[in-house]
Amino acid sequence: MADFQALIYYTILSALLPVLLVLGSKLLAPKKTSRRKRLSFESGQVPFEWVESSFPVEYFPYAIVYVAYAVIALAVFLSVVAVIDNPASALNVVLLLAVLSASSVYAAFTLKDLPQRL
Amino acid sequence: MVVALPPFLVEIIKFVTSESFVKAAIFPGAAFVAVLGILSVWYERKLLARVMLRIGPFHVGKYGGWLQVIADAVKFLSKEFIIPARARKKLFVTMPLTGLFLSAMLFAFIPFSEYWVIFRSDIGVLLVFVFIAVSPIPLILAGWASGSKYSFVGMIRFAFQIFAYEIPLFIALTGVIIAARSFDIVNIVNAQTSLPFIVTQFIGFLVFFIAAVSEAERIPFDLPTAEQELVEGWIVEYGGVGFLGIQLAMYTKLDALLFLTVNLYLGGWHGPAIPGIPESILHPMWVFIKFLVLLTIVFLFRGVYTRITMRKILDLGWRFLIPLGFINLFIVSLTIYLPTLLA
């Protein structure tokens with residue numbers, strides 16, 4: 001119970017910390033906004049108005065690989081939980097991990113040749 | 001003469017000195033987290049200065065310019081918080097502060113001894129992982145909400161980096177859970193009484209530590225905020241209190257990840273007994289000493305390594321750390337369950 005109380009107090013204090021920062025800023029910081037100040041940073045170039053241009057995103061295939069690996073990681077984790085409860089199923093998990101280790105090494109070699117710009 | 005205090009004052013004193021409040025507000029709670037964040041910045045500046053044969057902070061504060069960090073914090077608070085015209089205002093303002101809150105929440109589940117923990121849970125390690133997984137989201141949104149091309153490129157890099165290193169972190173964590181047969185971090189530390197897991201799972205430690213450094217976006221994995229090419233990347237539009245919130249969030253997350261590494265791999269509070277020092281002080285002291293060693297290593301990376309390219313960052317995560325994580329898991333499960341299998 002004491003632990004739970006401490007968690008509630010800590011959550012409140014952690015939420016208060018950003019609020020205190022904002023209050024401190026409200027007290028100390030000047031507020032004189034202007035159009036020029038609100039322009040986006042352009043690294044020394046003259047700011048220009050809104051334009052649209054194509055923007056190729058590289059390494060997007062890795063985002064797809066992430067979906068596959070996330071499911072595998074979850075499956076491994078659930079298997080581990082099962083083994084903690086039922087050590088008799090250890091053989092299945094060891095076999096699963098052997099297969100996953102071998103396939104992840106194979107994937108490491110083949111990922112090298114994955115085209116990264118679609 | 002004994003003066004009786006008013007009842008409400010007695011109640012307040014009881015509340016302030018209660019175990020729950022002391023843990024939440026002082027140690028290992030809010031005050032500790034805030035002071036640690038500030039001291040980490042000071043320590044990094046002094047250490048890097050020594051590496052580069054400079055003095056570092058010197059003028060403000062008698063001992064090593066330690067008040068410089070406080071002065072910097074006051075400076076950030078007293079600077080105008082400009083919201084760019086193209087930014088999504090609500091997200092731009094709230095996300096850095098949400099990031100700080102989520103990073104601070106990591107400390108709620110990290111023990112410094114069997115007693116000094118804010119909330120001990122049977123699934124503590126999972127709770128920590130949930131906050132590790134959730135904490136980059138506000139920061140990614142902060143980059144997106146800035147409405148700048150530099151922030152956008154930085155945000156995409158940050159997201160790809162987090163994707164690449166979250167899975168190795170999780171797989172390495174699973175190895176520790178198998179070895180300790182528990183999700184409770186206190187039990188995991190107690191499982192290392194005779195031998196820390198860094199010895200039995202050195203590959204797992206390497207995977208976890210590298211992934212943690214990347215999660216905290218430290219050099220050599222700081223490409224999303226690369227100063228020279230992306231002018232601070234996803235943070236570029238932030239100034240004043242917004243920038244302060246992001247910096248505090250990043251340092252707090254780094255500290256939390258290193259304390260977690262100490263507990264998961266370096267035996268936590270287990271260390272040689274020192275005569276005259278009670279365990280209630282000695283145990284947190286050992287955790288802190290081990291943390292300082294890791295912190296020094298991470299800060300030295302900044303002094304000695306160059307920033308690596310995006311291709312190398314992603315290759316390291318996807319092509320090296322994930323297979324190594326699985327191999328570590330296989331070896332750990334084999335060594336633990338081999339007697340059962342043979343029987």
Side-chain angles (χ1 to χ4, degrees), chain A residues 2-11 13-19 21-22 24-25 27-33 35 37-41 43 50 55 57-59 62-63 65-66 69-70 73 76-77 80 83-84 87-88 90-91 93-94 97-98 100-101 104-105 107-109 111-112 116, chain B residues 19-21 23-25 29-30 34 74 77-86 97-98 100-101 104-105 107-108 118-120 147-148 150 156 160 163-164 167 170-171 174 177-178 181 231 236-237 240-241 244-245 310-311 314-315 318-320 322-323 326-327 329-330 333-334 337 340-341:
Chain A
D3 273 10
F4 197 66
Q5 272 182 349
L7 179 65
I8 292 170
Y9 297 152
Y10 183 71
T11 307
L13 289 169
S14 301
L16 276 177
L17 178 65
V19 176
L21 288 181
V22 171
S25 174
L27 278 174
L28 296 171
K31 283 183 254 359
K32 278 187 181 175
T33 190
R35 185 185 160 277
K37 274 186 190 173
R38 297 186 69 217
L39 287 172
S40 291
F41 180 76
S43 196
W50 183 268
F55 181 76
V57 177
E58 285 189 87
Y59 308 116
Y62 276 132
V65 175
Y66 174 78
Y69 266 125
V76 167
F77 182 74
V80 167
V83 170
I84 289 173
L91 180 63
V93 173
V94 171
L97 289 172
L100 283 176
S101 301
S104 65
V105 171
F109 282 106
L111 275 175
K112 195 179 172 186
Q116 291 300 341
Chain B
E19 181 191 326
S20 308
F21 190 78
K23 281 182 179 177
V74 174
L77 287 177
S78 56
K79 285 179 93 172
E80 186 178 353
F81 183 44
I82 300 165
I83 301 169
R86 288 180 196 161
L97 305 172
T98 312
L100 176 57
F101 168 68
M105 281 306 292
F107 276 90
I118 294 173
F119 184 66
R120 182 179 173 179
S148 152
Y150 295 101
I156 287 179
F160 274 122
F163 283 170
I167 292 174
F170 189 55
I171 296 171
T174 312
I177 294 168
I178 291 183
R181 298 181 191 197
V231 287
V236 67
E237 295 295 345
V241 69
L244 180 65
M310 198 65 205
R311 175 87 206 193
L314 294 180
D315 269 359
W318 290 111
R319 294 184 50 231
F320 293 96
I322 289 181
F326 276 125
I327 290 167
L329 208 52
F330 173 63
S333 61
L334 205 62
Y337 295 118
T340 315
L341 295 176

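Convention: sequence-line order gives letters A, B, ...; per-chain numbering from 1.
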Restricting to non-hydrogen atoms, name the atom on [X] and the atom on [Y] that form the minimum distance, rounded to 0.1 Å.
{"X": "B:Ile118", "Y": "A:Ala6", "result": "O-CB, 3.6 Å"}
{"X": "B:Pro323", "Y": "A:Ser104", "result": "CA-OG, 3.4 Å"}
{"X": "A:Leu13", "Y": "B:Ala24", "result": "CD1-O, 3.6 Å"}

Leading residue by heavy atom contact count with chain A [cutoff under 4.5 Å; candidates [options]]:
{"options": "B:Thr98, B:Ile178, B:Leu314", "value": "B:Leu314"}
{"options": "B:Arg120, B:Glu237, B:Lys23", "value": "B:Glu237"}
{"options": "B:Ile156, B:Leu244, B:Leu100, B:Leu334", "value": "B:Leu100"}
{"options": "B:Ile82, B:Val74, B:Ile171", "value": "B:Ile82"}
{"options": "B:Phe107, B:Tyr337, B:Phe81", "value": "B:Tyr337"}
{"options": "B:Ala34, B:Ala25, B:Ala85", "value": "B:Ala85"}

Please report the interatomic distance CZ(B:Arg319) to CZ(A:Phe109), rounded to the nearest 0.5 Å.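 Answer for the CZ-CZ pair, B:Arg319 versus A:Phe109, is 7.5 Å.
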Would you compute the distance between atom CG of A:Leu27 and atom OG of B:Ser78 and round it to the nearest 0.5 angstrom?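 One gets 11.5 Å once the value is rounded to the nearest 0.5 Å.
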Establish, yes or no, whether a centroid distance under 6.0 Å links the rings of A:Tyr62 and B:Phe160. no
If we define contacts as heavy-atom pairs under 4.5 Å, which of A:Ile8, A:Val65, A:Thr33, A:Thr11 has the most with chain B? A:Thr11
Among A:Ala88, A:Ala90, A:Pro87, A:Pro30, which residue has the highest count of heavy-atom pairs closer than 4.5 Å to chain B? A:Pro30
Please flag which part of [X] lies under 4.5 Å from any non-hydrogen atom of chain A: side chain, backbone, both or neither.
{"X": "B:Leu329", "result": "both"}
{"X": "B:Ile327", "result": "both"}
{"X": "B:Glu80", "result": "both"}
{"X": "B:Ile177", "result": "both"}
{"X": "B:Lys79", "result": "backbone"}

Atom group of [X] that falls short of 4.5 Å from chain B, counting heavy atoms:
{"X": "A:Val83", "answer": "both"}
{"X": "A:Ala98", "answer": "both"}
{"X": "A:Val105", "answer": "both"}

Would A:Leu17 and B:Phe101 count as a side chain to side chain contact (heavy atoms under 4.5 Å, CB included) here? Give the steps. CA-CA 8 Å; A:Leu17 178 65; B:Phe101 168 68; over 6 Å; no
Hey, is the main chain of B:Phe326 close enough, under 3.5 Å, to the side chain of A:Ser101 for a donor-acceptor pair? yes
Might you work through the side chain to side chain contact (heavy atoms under 4.5 Å, CB included) test for A:Tyr10 and B:Phe119, ending with a clear yes or no? CA-CA 9 Å; A:Tyr10 183 71; B:Phe119 184 66; over 6 Å; no
Over 60° means perpendicular and under 30° means parallel, so classify the ring planes of A:Tyr66 and B:Phe163, tilted if in between.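 Answer is parallel, since the angle falls under 30°.
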Side chains of B:Ile322 and A:Tyr69, heavy atoms from C-beta outward: is any pair under 4.5 Å?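 Contact flag for B:Ile322/A:Tyr69 side chains = yes.
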